[in-house]
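One structure is given here, and the rest of the page talks about it.
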Amino acid sequence: MNPLDNLNKYSIILGSASPRRRQLLADLGIDFQVVRLNGIEEVYPESLNVDEIPVFLSQLKANAFNLTPSQLLITADTIVVAEGKPLGKPANYSEAVGMLEMLSGKKHKVITGVTVRSTLQSSSFSATTIVDVAPLSHDEIEYYIERYKPYDKAGAYGIQEWIGCIGIRGIEGSFYNVMGLPLHRLYCELKKF
């Protein structure tokens, strides 16, 4: 018996184009399909506390879907918070360099907001992980960006890639959260549906 057999009544949708989230959700042993709605402008009120941004954006994405009673939707959004500022995905090479220079030699927060929704219930939560980055040389930053092109990653890095291997001194919290989906917390929420 699968501990998530309660989900068998649903057709599960992952509302994300992230290949990392797809892999992580598959690692939970869940059958799902990926559906991404285009045209969702990921903007949030300026007055919003930085820690609340990911949940707000995950709810924004979830509310854009029209679900049937047989569907269960999972949406997520991840931000990196450095020096009190939210970092999304870098728009270009120089922005990626700037982000990694900002993270170099310091600790920062990675916050992922998740919304799980059916037509009968909805649950939103966030998970925070503290990441400690070793000092990175300009050559290391350039090598990483040129080779891995982290333009689809919040904070311009993927912890599971080369930069994580050589530059992450430690983390406090969920490793999977830094990849984009806090699996333990999501598993606990899915058991409630």
Side-chain angles (χ1 to χ4, degrees), residues 3 14 16-30 42 44 48-59 61 74-90 95-116 123-191:
L14 174 62
S16 173
S18 164
R20 289 158 303 285
R21 286 193 185 113
R22 279 198 304 266
Q23 181 58 55
L24 291 172
L25 194 56
D27 289 345
L28 283 182
I30 296 171
E42 294 184 22
Y44 51 86
L48 207 59
N49 180 306
V50 71
D51 292 348
E52 298 170 332
I53 293 170
V55 166
F56 178 88
L57 292 175
S58 76
Q59 290 171 337
K61 294 172 185 178
I74 301 167
T75 58
D77 195 85
T78 301
I79 64 167
V80 168
V81 180
E83 300 173 7
K85 299 174 189 165
L87 303 179
K89 300 169 186 169
E95 207 170 281
V97 170
M99 286 182 182
L100 291 173
E101 286 175 344
M102 182 185 287
L103 301 178
S104 176
K106 301 178 193 120
K107 290 183 179 181
H108 64 272
K109 292 194 291 189
V110 177
I111 307 169
T112 300
V114 178
T115 297
V116 181
S123 174
S124 295
F125 63 89
S126 68
T128 300
T129 303
I130 306 298
V131 181
D132 184 11
V133 180
L136 301 170
S137 72
H138 191 70
D139 287 345
E140 289 167 335
I141 290 172
E142 284 189 336
Y143 173 82
Y144 173 67
I145 295 170
E146 288 170 8
R147 184 151 187 197
Y148 291 89
K149 306 191 183 336
Y151 303 112
D152 66 335
K153 296 172 178 67
Y157 79 94
I159 194 169
Q160 72 281 6
E161 296 175 338
W162 180 83
I163 198 88
C165 298
I166 65 101
I168 304 300
R169 289 189 284 214
I171 66 169
E172 298 168 38
S174 168
F175 173 82
Y176 298 111
N177 182 51
V178 183
M179 287 181 65
L181 205 55
L183 289 182
H184 172 73
R185 182 70 192 276
L186 176 59
Y187 174 75
C188 292
E189 291 299 316
L190 289 173
K191 289 197 292 186

Could you walk me through whether L100 and I145 satisfy the side-chain contact (heavy atoms from CB on, under 4.5 Å) test, starting with their C-alpha distance in whole Å, then the side-chain angles of each, then the deciding distance to 0.1 Å, before giving a yes or no?
CA-CA 9 Å; L100 291 173; I145 295 170; 3.9 Å; yes
[X] versus [Y], closest heavy-atom pair with distance:
{"X": "P90", "Y": "A156", "result": "CG-CB, 3.7 Å"}
{"X": "G158", "Y": "Y144", "result": "N-OH, 3.0 Å"}
{"X": "G180", "Y": "A76", "result": "O-CB, 4.3 Å"}
{"X": "P182", "Y": "S174", "result": "CA-OG, 4.2 Å"}

Supply the atom-to-atom distance [X] [atom1] to [Y] [atom2], rounded to the nearest 0.5 angstrom.
{"X": "L136", "Y": "I141", "atom1": "CG", "atom2": "CD1", "answer": "5.0 Å"}
{"X": "L57", "Y": "S126", "atom1": "CG", "atom2": "OG", "answer": "12.0 Å"}
{"X": "I30", "Y": "I74", "atom1": "CD1", "atom2": "CD1", "answer": "5.5 Å"}
{"X": "L28", "Y": "Y187", "atom1": "CG", "atom2": "OH", "answer": "8.5 Å"}
{"X": "Q160", "Y": "Y148", "atom1": "CD", "atom2": "OH", "answer": "10.5 Å"}
{"X": "S58", "Y": "I53", "atom1": "OG", "atom2": "CD1", "answer": "12.5 Å"}

Listed partners of D132 passing salt bridge (charged side-chain N to carboxylate O under 4.0 Å, His left out), at least two apart:
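By the salt bridge (charged side-chain N to carboxylate O under 4.0 Å, His left out) rule, D132 matches R169.
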Would you please name every residue forming a salt bridge (charged side-chain N to carboxylate O under 4.0 Å, His left out) with K85, sequence neighbours left out?
none
Side chains of [X] and [Y]: does their closest heavy-atom pair fall under 4.5 Å?
{"X": "M179", "Y": "F175", "result": "yes"}
{"X": "T78", "Y": "V178", "result": "no"}
{"X": "Y176", "Y": "T112", "result": "no"}
{"X": "T115", "Y": "K61", "result": "no"}
{"X": "T75", "Y": "V114", "result": "no"}
{"X": "T128", "Y": "D51", "result": "no"}
{"X": "W162", "Y": "I166", "result": "yes"}
{"X": "E42", "Y": "D77", "result": "yes"}

Strictly by modelled atom types, are T129 and N177 linked by a side-chain donor-acceptor pair under 3.5 Å?
yes
Between E189 and S123, is there a side-chain donor-acceptor contact under 3.5 Å, judged purely by atom types and distance?
yes
Candidate pair S124 and Q59, rule side-chain hydrogen bond (donor to acceptor under 3.5 Å, both in side chains), full reasoning:
CA-CA 7 Å; S124 295; Q59 290 171 337; 3.1 Å; yes
Evaluate the criterion side-chain contact (heavy atoms from CB on, under 4.5 Å) for residue pair I168 and V131; output intermediate values, then yes/no.
CA-CA 7 Å; I168 304 300; V131 181; 3.6 Å; yes
Is it true that a side-chain atom of [X] and a backbone atom of [Y] form a donor plus acceptor pair closer than 3.5 Å?
{"X": "R185", "Y": "F125", "result": "no"}
{"X": "S104", "Y": "E101", "result": "no"}
{"X": "R21", "Y": "L181", "result": "no"}
{"X": "E146", "Y": "Y143", "result": "no"}

Is the distance from the ring center of H108 to that of Y157 below 6.0 Å?
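Yes, the ring centres sit under 6.0 Å apart.
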Ion pair check, K89 and E95, cut-off under 4.0 Å
no
For I111 and V80: C-alpha separation, side-chain torsions, deciding distance, then whether side-chain contact (heavy atoms from CB on, under 4.5 Å) applies.
CA-CA 6 Å; I111 307 169; V80 168; over 6 Å; no
So which pairs with a foot in residues 148-157 pass salt bridge (charged side-chain N to carboxylate O under 4.0 Å, His left out), sequence neighbours left out?
R20-D152, K153-E161
